[in-house]
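Quick notes on the structure that follows.
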Amino acid sequence: MKVSPSLLSADFCHLGEELDFINDSEADMLHIDIMDGVFVPNISFGFPVLKYVKERCKKPLDVHLMIVEPQKFVNEVRETGAEVMTVHYEACVHLNRVVQQIHNAGMKAGVSINPATPVCLLKDILAEVDLVLLMSVNPGFGGQKFIPGTIQKVKELRELIATTGSNALIEVDGGVNDQTGAQLAQAGADIAVAGNYVFKSTNRSQAIHSLKVL
């Protein structure tokens, strides 16, 4: 399984050192959650921080916008050097248009859905996206408990991807550790986003490795 540690759980008093750790680790990419306090009940960080991250981080950036009207910030995300820009199904009135904007900007396009949003609603967009991010907690805060129903959603999404001929990868974010990660991998997930499990671990490298081998 690919691993995308979540910067939200890092120690921002030592951000440079945290990014150096990611650079030297087995992580495949770095997951970055941008929150606006409107779409989710929290505010994280903005593009000035991402400018520094871009300069320091050698891993691909996996940028997840938990904001309203994400289409307004496609260019700003592109300038961070992001490889993937993920927007929420629930935040986009014209989702197909936003996906096209992301692709036209030279990035891979991801679509995320909240725990209460059914996978079937993605049927008509799956062929257009590169990644689907399933939230396995209610978005907005790190350290939440994994929602067990996500396992079934991964299975349903894997079947839908097959029937639509999509090449989208399945990413899961929220409460991921070696135990939930194993269940997700068995269900068909491709990428694990891990925040506290990695950054709060006494052996961070081993935490990443335990997910990589799933």
Side-chain angles (χ1 to χ4, degrees), residues 4-10 12 29-51 53-54 61-105 107-126 128-147 149-150 153-154 157 168-176 189 191-196 199:
S4 186
S6 175
L7 187 66
L8 193 65
S9 296
F12 275 74
M29 58 192 80
L30 178 63
H31 191 81
I32 298 173
D33 290 309
I34 299 181
M35 307 177 187
D36 62 359
V38 179
F39 182 71
V40 293
N42 197 9
I43 296 174
S44 55
F45 42 79
F47 296 107
V49 173
L50 289 192
K51 181 180 179 181
V53 172
K54 171 189 175 183
L61 301 185
D62 172 24
V63 179
H64 175 199
L65 298 189
M66 301 184 191
I67 66 175
V68 297
E69 299 184 314
Q71 68 275 8
K72 292 183 177 180
F73 300 97
V74 173
N75 289 335
E76 285 84 351
V77 174
R78 178 193 60 201
E79 291 171 3
T80 69
E83 179 173 298
V84 182
M85 175 177 169
T86 297
V87 298
H88 269 262
Y89 171 90
E90 301 89 355
C92 297
V93 177
H94 304 291
L95 182 57
N96 186 273
R97 182 183 299 165
V98 178
V99 168
Q100 290 177 1
Q101 283 181 262
I102 296 170
H103 281 150
N104 290 340
M107 296 178 288
K108 294 179 181 178
V111 173
S112 181
I113 58 173
N114 290 332
T117 301
V119 166
C120 63
L121 295 178
L122 297 175
K123 179 181 178 181
D124 292 334
I125 196 67
L126 270 180
E128 307 298 324
V129 301
D130 304 286
L131 179 148
V132 174
L133 172 57
L134 298 180
M135 293 303 301
S136 45
V137 298
N138 288 295
F141 299 94
Q144 297 184 65
K145 187 177 180 181
F146 181 84
I147 296 175
T150 308
K153 291 184 76 171
V154 172
L157 180 56
L169 297 177
I170 300 176
E171 184 175 42
V172 181
D173 182 2
V176 175
I191 307 170
V193 177
N196 282 0
F199 284 103

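This one's a predicted model, so the numbers in the text were calculated from it and none came from an experiment.
- Summarising the local packing, OH of Tyr89 is surrounded by 12 or fewer heavy atoms from other residues, nucleotides or ligands at distances under 6.0 Å.
- Atom-to-atom distance recorded for Ile43:CD1 and Ile67:CD1 is 12.0 Å, nearest 0.5 angstrom.
- Across Val87 and Pro70, no two heavy atoms sit closer than the pair CG1-CB, 3.6 Å.
- One side chain, Asn96 or Gln100, offers a donor N or O that lies under 3.5 Å from an acceptor on the other.
- Here the side chain of Ser44 pairs a donor or acceptor atom with the backbone of Asp33 at under 3.5 angstrom.
- Take His31 and apply the ring pair (Phe, Tyr, Trp, His ring centres under 6.0 Å) test, not counting sequence neighbours, and it matches His64.
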Quiz item: Please walk me through it: do Ile34 and Phe73 pass side-chain contact (heavy atoms from CB on, under 4.5 Å)?
Solution: CA-CA 11 Å; Ile34 299 181; Phe73 300 97; over 6 Å; no
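- The structure places CD of Glu76 at 9.0 Å from CE of Met85, a figure rounded to the nearest 0.5 Å.
- Between Val154 and Val172 the shortest heavy-atom distance is CG2-CG2, 4.0 Å.
- Of all heavy-atom pairs spanning Glu90 and Thr117, the tightest one is OE2-OG1, 2.6 Å.
- Summarising the geometry of Phe146 relative to Gly175, their closest heavy-atom pair is CB-O, 3.5 Å, with the distance given to 0.1 Å.
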Practice problem: For Val111 and Val99, run side-chain contact (heavy atoms from CB on, under 4.5 Å): C-alpha distance rounded to whole Å, both residues' side-chain angles, the deciding distance at 0.1 Å, then the answer. | Solution: CA-CA 8 Å; Val111 173; Val99 168; 4.2 Å; yes
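- Summarising the geometry, atom CG belonging to Leu157 is positioned 11.5 Å from atom OG1 belonging to Thr150; distances are rounded to the nearest 0.5 Å.
- A pairwise comparison of heavy atoms in Phe199 and Ser6 identifies CE1-O, 3.1 Å as the closest pair.
- Applying the side chain to side chain contact (heavy atoms under 4.5 Å, CB included) criterion to Lys123, with sequence neighbours excluded, gives Leu160, Thr164.
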Practice problem: Start with the C-alpha distance between Val137 and Met135, add both sets of side-chain angles, then the distance that settles side-chain contact (heavy atoms from CB on, under 4.5 Å), and finish with yes or no. | Solution: CA-CA 5 Å; Val137 298; Met135 293 303 301; 4.2 Å; yes
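- Nearest heavy atoms, Pro115 versus Lys153: O-NZ, 3.1 Å.
- The side chain to side chain contact (heavy atoms under 4.5 Å, CB included) search around Val38 returns Asp36, Val68, not counting sequence neighbours.
- Looking at heavy atoms from C-beta onward, Val129 lies out of side-chain contact with Leu122 at the 4.5 angstrom threshold.
- A side-chain N or O of Asp62 and one of Ser4 form a donor-acceptor pair less than 3.5 Å apart.
- Rounding to the nearest 0.5 Å places CE of Met107 at 10.0 Å from OG1 of Thr86.
- The distance from atom CG of Asn75 to atom CG of Asn104, rounded to the nearest 0.5 Å, is 10.5 Å.
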Exercise. Determine, step by step, whether Leu8 and Met35 satisfy the side-chain contact (heavy atoms from CB on, under 4.5 Å) criterion, reporting the C-alpha distance in whole Å, the side-chain angles of both residues, the deciding distance to 0.1 Å, and the verdict.
Key: CA-CA 10 Å; Leu8 193 65; Met35 307 177 187; 3.4 Å; yes
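- You'll find the side chain of Val176 stays beyond 4.5 Å of the side chain of Val193, heavy atoms only.
- Counting only distance, with no hydrogens or angles, the side chain of Lys108 and the backbone of Leu131 share no donor-acceptor pair below 3.5 Å.
- Separating the CG atom in Asn114 from the NE2 atom in His88 is a distance of 5.0 Å, to the nearest 0.5 Å.
- A donor-acceptor distance shorter than 3.5 angstrom exists from the side chain of Ser136 to the backbone of Asp173, with no hydrogens or angles considered.
- Between the Gln144 side chain and the Asn138 main chain, a donor and an acceptor come within less than 3.5 Å of each other.
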